[in-house]
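None of these values were measured; they are calculated from a predicted model.
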Amino acid sequence: MTSLHSVVNLRDARKVAIFGGTHGNEMSGVTLVNMWINNGAEIQRSGLMIKPLITNPRAVEKCTRYVDTDLNRAFTPDNLSAPRNEDMPYEVRRAQEINQMFGPKGSPDAYDIIFDLHNTTSNMGSTLILESSKDDFNLQMVNFIKQAIAPTSCSVLLNEHPLLQYSTSRSIGKHPIGLEVGPQPQGVLRSNIFESMRAIVKHALDFIELFNGGMEFQPCMVDVYRVSEKMDYPRDKNGNITAMVHPNLQDGDWKPLNPGDPMFQTFDGSTINYEGGSTVYPTFINEAAYYEKQQAFVMTKRETLTANGIKAYKI
Ligand SMILES: CC(=O)N[C@@H](CC(=O)O)C(=O)O
Ligand SMILES: [Zn+2]
């Protein structure tokens, strides 16, 4: 391909974690991880240490997103370094425990790859979530997965925004990767969503095995949707919503929203249009968990990233 992008040598990846139940009511990840804890044959790969973990067992038990605070926002430097005490929110204590087991975040001891399994009530299909546009390993893995499941589509959401990025459970690993599959209601298990998630995890593990085995992956391009802005529902002065996602936008995740297109519908039937200056690609449209986060959907822009080729070197 180009001389700009070459093949780089990376250390092989030996320690892999699969997190489920970071949100206790997202049932595909909870069920798959519990299944793999009982019998890990399906996720074993030669030369790999693969550890499935229920990250928020109390929330899973209650079938709720979280108990005290959102675990997938809790892995901040402040939380992780706070002196331990019993009055801390449960999820902050749990974040410290998980960081000890799979991190420490930013250290050479951290797990190489952490998959975190989520479900959304939005019509997003299968989506891989990246936190860096520069991570050649993850970009190559995503490219491999996309090709493996084609013609079924798998979108890539890049959350690399200075203000909108958050401190995820997976962020303690060297190569954090989220897997978000929907639509699936909270607390519900749907076979199609479960199987899509399962297939993607298996392809990802195949990729890691091939990489460790010495396969060289050529430079590639990956189409991504980069998070640019979040959009709240229209609200009154008490904070109550005054409009719903417009029927034209509902379930239209990843479809272009052009200036002037309908966005919300008020209870008395009037339409609120998108007034932005350029086309965006909304996703997480009407996600149930985001009402409390004042978010009706997130806007993204399309971009093509280029990844270096990669090859493992052994030490
Ligand atoms: C619906 C949902 O929980 N989505 C995840 C996305 C992610 O893992 O980055 C979250 O907000 O934490
Ligand atoms: Zn989630």
Asks: May I ask you to decide if Thr120's main-chain N or O and Glu180's side chain share a donor-acceptor pair within less than 3.5 Å?
Replies: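 Yes, because the side chain of Glu180 sits within donor-acceptor range (under 3.5 Å) of the backbone of Thr120.
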
Asks: Give a yes/no verdict on a cation-pi contact between Arg302 and Tyr281, requiring under 6.0 Å between NZ or CZ and the six-membered ring centre and an angle within 45° of the axis.
Replies: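 The answer is yes, since Arg302 meets both limits relative to Tyr281.
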
Asks: Could you tell me whether a side-chain N or O of Trp254 sits under 3.5 Å from a main-chain N or O of Met124, the two making a donor and an acceptor?
Replies: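 Checking the backbone N and O of Met124 against the side chain of Trp254, a donor-acceptor pair under 3.5 Å is found.
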
Asks: Checking Thr304 now: which residues fulfil side-chain hydrogen bond (donor to acceptor under 3.5 Å, both in side chains) with it, not counting sequence neighbours?
Replies: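 side-chain hydrogen bond (donor to acceptor under 3.5 Å, both in side chains) list for Thr304, sorted by chain: Asp223.
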
Asks: Checking Thr55 against Ser169: is there a side-chain donor and acceptor pair closer than 3.5 Å?
Replies: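 No, no side-chain donor-acceptor contact under 3.5 Å.
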
Asks: Output every pair passing ring-ring contact (aromatic ring centres under 6.0 Å, His included) with a member in residues 122-154, not counting sequence neighbours, ordered by first then second residue.
Replies: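 Passing the test, one end in residues 122-154: Phe137-His175, Phe137-Phe207, Phe137-Phe211, Phe144-Phe207.
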
Asks: Give me each pair satisfying side-chain hydrogen bond (donor to acceptor under 3.5 Å, both in side chains) with a member in residues 256-265, each pair once, sequence neighbours excluded.
Replies: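 Of all non-adjacent pairs touching residues 256-265, those that pass side-chain hydrogen bond (donor to acceptor under 3.5 Å, both in side chains) are Asn258-Thr279.
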
Asks: Verify the ring-centre separation between Phe115 and Phe19: is it less than 6.0 angstrom?
Replies: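 No, the ring of Phe19 stays outside the 6.0 Å limit from the ring of Phe115, centre to centre.
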
Asks: Taking atom CZ of Arg93 and atom CD of Glu86, what is their separation to the nearest 0.5 Å?
Replies: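 If we round to the nearest 0.5 Å, Arg93:CZ and Glu86:CD are 5.0 Å apart.
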
Asks: Tell me every residue that passes salt bridge (charged side-chain N to carboxylate O under 4.0 Å, His left out) with Glu303, counting only those two or more places apart in sequence or in another chain.
Replies: Arg226

Asks: Running the 4.5 Å side-chain criterion over Ile, Leu, Val, Met, Phe, Trp and Tyr, what cluster does Tyr233 land in, apart from itself?
Replies: Met231, Ile241, Met244, Val245, Leu249, Leu257, Met263, Phe264, Phe267, Ile272, Tyr274, Val280, Ile285, Tyr291, Phe297, Met299

Asks: Is there a donor in the side chain of Asp236 and an acceptor in the side chain of Thr242, or the other way round, less than 3.5 Å apart?
Replies: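 Their side chains do not contain a donor-acceptor pair, so the 3.5 Å distance test is not met.
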
Asks: For the atom pair CD (Gln44) and CD (Glu209), what is the distance rounded to the nearest 0.5 Å?
Replies: 11.0 Å

Asks: Can you run down the side-chain hydrogen bond (donor to acceptor under 3.5 Å, both in side chains) pairs that involve residues 97-107, sequence neighbours left out, and say none if there aren't any?
Replies: Arg94-Glu97, Lys105-Ser171

Asks: Is it the case that the side chain of Asp68 and the backbone of Glu91 share a donor-acceptor pair, with hydrogens and angles ignored and the cut-off at 3.5 Å?
Replies: no

